[in-house]
Protein chains: 2
Amino acid sequence: MTETVPFQTNCQTCPLRRKSVFRSLEDKELDFISDFKTGELTVEAGATIVQEENKSPHLYTILDGWAFRHKALADGRRQVLNFALPGDLVGLQLAVLNEMQHTVTALTDTTLCVFQRDRVWSIFKDYPSLAFSMTWIAAREEQILDGHIISLGQRSALERLAYLILHLYDRAETIGYASNQALDAPFSQSHLSDALGITPVHTSRTLRKLQEKRLISWAKDRIRILDRDALEKLASYESMADECRPLI
Amino acid sequence: MTETVPFQTNCQTCPLRRKSVFRSLEDKELDFISDFKTGELTVEAGATIVQEENKSPHLYTILDGWAFRHKALADGRRQVLNFALPGDLVGLQLAVLNEMQHTVTALTDTTLCVFQRDRVWSIFKDYPSLAFSMTWIAAREEQILDGHIISLGQRSALERLAYLILHLYDRAETIGYASNQALDAPFSQSHLSDALGITPVHTSRTLRKLQEKRLISWAKDRIRILDRDALEKLASYESMADECRPLI
DNA sequence: CGGTAACTTGACCGACATCAATTATTGTGG
DNA sequence: CCACAATAATTGATGTCGGTCAAGTTACCG
């Protein structure tokens, strides 16, 4: 990944927090978060971070790496619900609903900040701006899911893929995982397939088609957006445009 | 045609709040909500409640009636993102993200409690348990959307329809809009189609197939679940099981 | 009643799935 | 550094679910 994370990352000097996308905090809040954080968890690519039905006592923020939320039907069909990047909360549903209906898996080697679920209430009690941030983050996830729903319901495979590439690129760019329309893709075509709701075979063909149209290139797990305007048009892409967001 | 009627329903004696699904509140919180509520909005079936890109100064809770959240692509293809029932918040994304990327439309004649967006902050500042409720509600919506995503991505048309019927029935039942496995469906087949991501023609055929299998009946806009176990199995349905939820 | 919108039905078509066979690519131990 | 296996990606042939088009048939409403 882009930067090397030391053994323990101090919240006050957190490299993520320095990025301009993230809202700055009062010292009081920062001190609380620093205290709220009880450790770091490092997992290898492919490892499960939170399992459905398993009530982990933790809440996490991704510090470094890619993860994805997914969910399976009884017969094994699997759907990727969303991807998660540094700054994203993992386990919010569990923390507030006390129930988790999906699994979160690391896509790359990933480092997470660990928080204790049983202290979540004190956020609401004593740190209103952090409480607001929690709601903000949940609402933003909702907005992203809305985007995926319209993709799955209405777009063709080609359009869906175009949309997903733009979406992932933009999210990756804000936290420094992509730049110059190039993104190191940590996912296999089968991850894409599970996110798009199409088979791996068709994903391969669809990727090829996007390349033949000279909209993107895909080589050695590096995706490059060659013609952004055309790709956005194809996908009827609308960007999220949150210049500034909270980080817990 | 919309009209605003001030205070027909008092929060202290709100009929919704009496239902056992809803968590009871401290007097202090109830008084706040009562004060937070600035009026009621009644709209006819088909009317827009909140429009994408239109920054309404309001946040709503549905008091009576059905609504749906939806979103369109540039070329007019439309997707229903989710349905909304009494007790559901409308405009939460707008309230916290200050941006709305979907439209909310009334399905039936609908009454909503009206709150001022600019006072949302005071919830977080002074009423932590209400703030928690906001996050809870957002996380639950997320969970529902997760369910729709796996439906759209992995289930066949028949399975999707089965899932949606069970989902809507269960939600309707908790607030008293359905009972004994029978639901007065306020939506047309084209609403269903837009939610399922299939064409109206295919919705008709799929509905027929569910009836031929004797899993449901559909007559005069009344859906009856005839064989719940079989329907759940077909849909690989998992229920939400929140025995108690907050109401703002 | 007549007119419009919602639903149904049939014939045909196309996007994507499935099956199957190669061909990279990656990882492992000798 | 090379076999070797295992996994991931590509390609082609064929099948099917759901889309499209078009013509009814309701049901609803002024």
Side-chain angles (χ1 to χ4, degrees), chain A residues 44-46 68 73 75-80 105 107-109 151-165 184-213 216-223 234-235, chain B residues 1 44-46 73 75-80 105 107-109 151-165 184-213 216-223 234-235:
Chain A
E44 291 185 343
F68 64 106
L73 294 179
D75 62 7
R77 281 175 284 177
R78 228 180 46 142
Q79 176 68 28
V80 169
T105 298
L107 206 45
T108 62
D109 292 351
S151 236
L152 291 166
Q154 304 298 327
R155 285 190 252 251
S156 69
L158 193 70
E159 293 167 340
R160 260 182 250 183
L161 181 55
Y163 179 87
L164 185 59
I165 287 171
D184 284 308
F187 29 79
S188 67
Q189 289 188 17
S190 78
H191 289 120
L192 284 183
S193 308
D194 286 345
L196 298 170
I198 59 182
T199 56
V201 174
H202 200 61
T203 299
S204 171
R205 295 194 228 266
T206 306
L207 264 174
R208 157 171 294 281
K209 200 175 284 183
L210 274 187
Q211 291 176 84
E212 282 166 354
K213 285 171 177 278
I216 65 156
S217 75
W218 163 285
K220 294 198 277 86
D221 291 332
R222 170 159 266 247
I223 299 175
L234 172 63
Chain B
M1 198 62 198
E44 290 185 343
L73 294 178
D75 62 6
R77 281 175 284 178
R78 229 179 47 138
Q79 177 68 29
V80 170
T105 297
L107 206 45
T108 62
D109 292 352
S151 235
L152 292 166
Q154 303 298 326
R155 284 190 252 251
S156 69
L158 192 70
E159 294 167 339
R160 261 182 246 183
L161 181 54
Y163 179 87
L164 185 60
I165 287 172
D184 285 307
F187 29 79
S188 67
Q189 289 188 18
S190 78
H191 289 121
L192 284 183
S193 308
D194 287 344
L196 298 170
I198 60 182
T199 57
V201 174
H202 200 60
T203 299
S204 170
R205 294 196 228 267
T206 306
L207 219 30
R208 155 173 292 282
K209 199 174 285 182
L210 274 188
Q211 291 177 85
E212 283 167 355
K213 286 172 177 278
I216 66 156
S217 75
W218 163 286
K220 293 199 278 85
D221 292 332
R222 171 160 264 248
I223 300 176
L234 172 63

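A note on names: the letters A, B, ... follow the listed sequences, proteins ahead of strands, and every chain is numbered from 1. Because the structure is a prediction, the values reported are computed rather than measured.
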- Rounded distance in Å - CZ (B/Arg205) to P (D/dT16): 17 Å
- Which part of the nucleic acid, if any, lies within contact of A/Thr203, taking any heavy atom under 4.0 Å across all strands shown: a base, the sugar-phosphate backbone alone, or nothing? nothing
- Roughly how far, to the nearest 0.5 Å, is CZ of A/Arg160 from CG of A/Leu234? 12.5 Å
- Using the side chain to side chain contact (heavy atoms under 4.5 Å, CB included) rule, pick out the option among A/Leu107, A/Thr203, A/Thr105 that qualifies with A/His191. A/Leu107
- Roughly how far apart are B/Lys209 NZ and B/His202 NE2, rounded to 0.5 Å? 6.5 Å
- Item | Helix axis bend for the helix from C/dC1-D/dG30 to C/dG30-D/dC1 - C1'-based end axes, five pairs, 10° rounding | 50°
- Would you give the length of the straight line joining atom CG of A/Leu196 to atom CD of A/Gln79, rounded to the nearest 0.5 angstrom? 8.5 Å
- Message: I'd like to know if the side chain of A/Gln211 and the backbone of A/Ile216 have a donor-acceptor N/O pair within less than 3.5 Å.
- Response: no
- Query: Can you check the B/Glu159 CD to D/dG18 C1' distance for me, whole Å?
  - Reply: 14 Å
- Could you state the atom-to-atom distance from CZ of A/Phe187 to P of D/dA8 in whole Å? 15 Å
- Query: Which is true for A/Ser190 with a 4.0 Å heavy-atom rule: it touches a base, it touches only sugar-phosphate, or it touches nothing?
  - Reply: sugar-phosphate
- Item | Nucleotide D/dT10, atom C1' - distance to CD1 of A/Ile198 in whole Å | 15 Å
- Heavy atoms of other groups near A/Glu44 CD, more than 12 under 6.0 Å: no
- Among A/Gln189, A/Arg78, A/Arg77, which residue meets the side-chain hydrogen bond (donor to acceptor under 3.5 Å, both in side chains) test with A/Asp194? A/Arg78
- Message: Is there a side-chain contact between A/Ser204 and the phosphate of D/dT10, meaning an N or O under 4.0 Å from OP1 or OP2?
- Response: yes
- Note on the structure: 5'-most to 3'-most nt of DNA chain C touching chain B (<4.0 Å, heavy-atom partner on protein side) reads C/dC7 to C/dA11
- Item | Nearest-0.5 Å distance that lies between atom CG in B/Leu73 and atom CD in A/Glu159 | 7.5 Å
- Length of the line joining A/His202:NE2 and D/dG12:P, which is rounded to integer Å: 15 Å
- Note: for A/Arg155 and B/Trp218 on DNA chain C, the residue whose nearest nucleotide lies more 5' is B/Trp218
- Query: In whole angstroms, how far is the C1' atom of D/dT16 from the CG atom of B/Leu158?
  - Reply: 15 Å
- Task: Considering just the side-chain nitrogens and oxygens of B/Thr199, establish if one lies under 4.0 Å of OP1 or OP2 belonging to D/dG19.
- Result: yes
- Query: What integer distance in Å separates B/Leu161:CG from D/dC17:C1'?
  - Reply: 15 Å
- For B/Asp184 and B/Arg222, indicate whether the former's side chain and the latter's backbone hold a donor-acceptor pair under 3.5 Å. no
- Task: Using whole Å, report how far CZ of A/Arg208 lies from C1' of D/dA9.
- Result: 10 Å
